[in-house]
Amino acid sequence: MNKLDRNAEILGYASQVLLDEAEAVNKIRQYLNDDFTKSVETILRSNGRLIVTGIGKSAIIGQKIVATLNSTGTPAIFMHAADAIHGDLGIIQPDDVVLCISKSGNTPEISQLTPFLKKNGNILIAMVGNTDSFLAREASYVLNCTVEREASPNNLAPTCSSTAQLALGDALASTLIKLRGFTSQDFAKLHPGGILGKRLIMKVSDLYKYNEVPAVTADAPMQQVILEISGKCLGVTAVVEGDRVIGAITDGDLRRMLQKNPDYVNLKAADVMTVNPKFIQEDTLAVDALELMKEKNITNLFVVDHEGRYRGVIHIHDIIKEGIV
């Protein structure tokens, strides 16, 4: 087999795997029923947490589902089914709801765990690929994620089944997000250290206060203007009248001025300034300030308060260094 044929074979097989998994996810839509609705309502009404358990690849999927739930307002804990029957059952409290994930629904660990849950009075939700299994029969509600076959060679390694579990878990979590009215602001509160959180909560006021506040009056001589721009290291100065900005002068304006008027000694700030410069209020999100700079093709914005009083300058680098891009 030549290289071209080999490459085509590899890409063809990979494409088929993706198609098989996509088809598996699409098919589980037909299994959504009242049990899914009741599962969602049960979790919403619960005074406890959602305990997610499983074994093998299902356990790995369960950990991802827990991470998604916790980050979107549904308190959840992952408990490995094997650890549960060897001492970790103390994690489960009477008010907790338990989501057990299993392809077969007949593993020994699940079979030993289920009687405890029923005795403890916990509502058990089964996410299972075999609706005739022990787990499905014992569960209060069944989330069916049956797949016809795996995408792997010899129908062995969990591929379609684990993808279906993951997708169904996302459907559960996303439905809970919708019904809880979980907002982007709520999301930001739970993600204060990441880029997503910064985009949702970091404001202009968090950044501009570390910068100098360049300002000259309209009658300031050009030498003073040049010193103000170079000394404050922001590439711009505001031209002010009291606490209001009436114009802007950038280092680019200075270069153009020198090209047109080499003898600038008699010029004043008002002769060079650009009127009606761009402003932004200090409580605006930093990401919105960045978008405005991109839209206007500028690198600085004058910051004002709600009364329109000049407070400082925010530079595009202030935002980029925070990772907000």
Side-chain angles (χ1 to χ4, degrees), residues 17 19-43 46 50-66 68-69 76 78-86 88-89 92 96-176:
V17 170
L19 287 172
D20 289 345
E21 294 197 353
E23 183 178 356
V25 170
N26 190 49
K27 280 188 176 181
I28 62 173
R29 292 172 56 203
Q30 66 185 314
Y31 302 140
L32 293 175
N33 55 20
D34 285 346
D35 275 22
F36 184 89
T37 302
K38 292 174 182 177
S39 297
V40 170
E41 296 288 2
T42 298
I43 296 169
S46 172
L50 181 64
I51 309 297
V52 181
T53 188
I55 196 166
K57 302 300 186 295
S58 296
I60 297 172
I61 297 300
Q63 292 177 65
K64 188 275 177 187
I65 293 173
V66 164
T68 301
L69 291 167
F78 175 76
M79 179 187 67
H80 198 283
D83 293 333
I85 61 175
H86 291 284
D88 280 2
L89 283 175
I92 305 175
D96 294 335
V97 177
V98 179
L99 171 63
C100 188
I101 306 173
S102 175
K103 178 184 177 182
S104 71
N106 290 314
T107 60
E109 294 83 1
I110 299 299
S111 298
Q112 293 179 59
L113 174 61
T114 300
F116 167 82
L117 298 175
K118 299 195 74 174
K119 183 178 179 181
N120 203 43
N122 299 105
I123 294 178
L124 175 60
I125 302 170
M127 183 183 292
V128 66
N130 178 4
T131 55
D132 292 326
S133 64
F134 172 80
L135 175 61
R137 292 193 300 270
E138 296 296 315
S140 303
Y141 308 116
V142 176
L143 305 182
N144 186 354
C145 57
T146 301
V147 298
E148 293 181 2
R149 68 181 312 279
E150 303 290 1
S152 60
N154 304 316
N155 191 28
L156 294 175
T159 45
C160 289
S161 59
S162 56
T163 301
Q165 291 171 349
L166 182 63
L168 193 54
D170 285 341
L172 182 67
S174 296
T175 303
L176 289 166

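These numbers come from the heavy atoms of this one structure, side chains and all, not from hydrogens, waters or symmetry mates. Index from 1, following the sequence. Given the structure is predicted, the values throughout are model-derived calculations rather than measurements.
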Shortest non-hydrogen contact between Val147 and Ala24, atoms and distance: CG1-CB, 3.9 Å

Please report the interatomic distance OG1(Thr53) to CG(Leu117), rounded to the nearest 0.5 Å. 8.0 Å

Main chain of Thr42, side chain of Ser46: is a donor-acceptor contact present, judged purely on distance under 3.5 Å? no

Holding to side-chain hydrogen bond (donor to acceptor under 3.5 Å, both in side chains), I want the full list of residues that pass it with Asn120, two or more places apart in sequence or in another chain. Asn122

Smallest separation among heavy atoms of Cys100 and Ile110, with atom names: SG-CD1, 3.1 Å

Could you give the distance from CD1 (Ile101) to CD1 (Ile55), rounded to the nearest 0.5 Å? 12.5 Å

How long is the gap from OG1 on Thr159 to CZ on Arg149, to the nearest 0.5 Å? 8.0 Å

Could you give all pairs that pass the side-chain hydrogen bond (donor to acceptor under 3.5 Å, both in side chains) test and reach residues 103-113, with sequence neighbours left out? Lys103-Glu150

Of all the heavy-atom pairs spanning Pro158 and Ser162, show the shortest one and how long it is. O-OG, 3.5 Å

Looking at Glu148, I want to see if its CD is surrounded by more than 12 non-hydrogen atoms of other residues, nucleotides or ligands under 6.0 Å. no

Do Phe116 and Ile92 pass the side-chain contact (heavy atoms from CB on, under 4.5 Å) test, and can you show the C-alpha distance, the side-chain angles, and the key distance before you say yes or no? CA-CA 10 Å; Phe116 167 82; Ile92 305 175; 4.3 Å; yes

Under 3.5 Å, side-chain donor or acceptor atoms of residues 166-173 against the rest of the protein: list the pairs with distances, not counting sequence neighbours.
{"unit_1": "Asp170", "atom_1": "OD1", "unit_2": "Lys64", "atom_2": "NZ", "d": "2.6"}

Give every residue pair that meets the side-chain hydrogen bond (donor to acceptor under 3.5 Å, both in side chains) criterion with at least one member in residues 134-143, sequence neighbours excluded. Lys118-Glu138

Atom pair NZ/OG1 of Lys57 and Thr163 - distance to nearest 0.5 Å: 12.5 Å

Can you list everything that forms a side-chain hydrogen bond (donor to acceptor under 3.5 Å, both in side chains) with Ser174? Sequence neighbours excluded, please. none

Give me the atom names and distance for the closest heavy-atom approach of Ser102 to Gln165. C-NE2, 4.0 Å

Report the residues that fulfil side-chain hydrogen bond (donor to acceptor under 3.5 Å, both in side chains) with Asn144, sequence neighbours left out, ordered by chain and then residue number. Thr146

What's the spacing between Cys160 SG and Asn155 CG if we round to 0.5 Å? 8.5 Å

Would you confirm whether Asn130, through its side chain, and Gly105, through its main-chain N or O, come within 3.5 Å as a donor-acceptor pair? no

Do any N or O atoms from the side chain of Glu23 and from the backbone of Asp20 form a donor-acceptor pair under 3.5 angstrom? no

To the nearest 0.5 Å, tell me how far Gln63 CD sits from His80 NE2. 7.5 Å

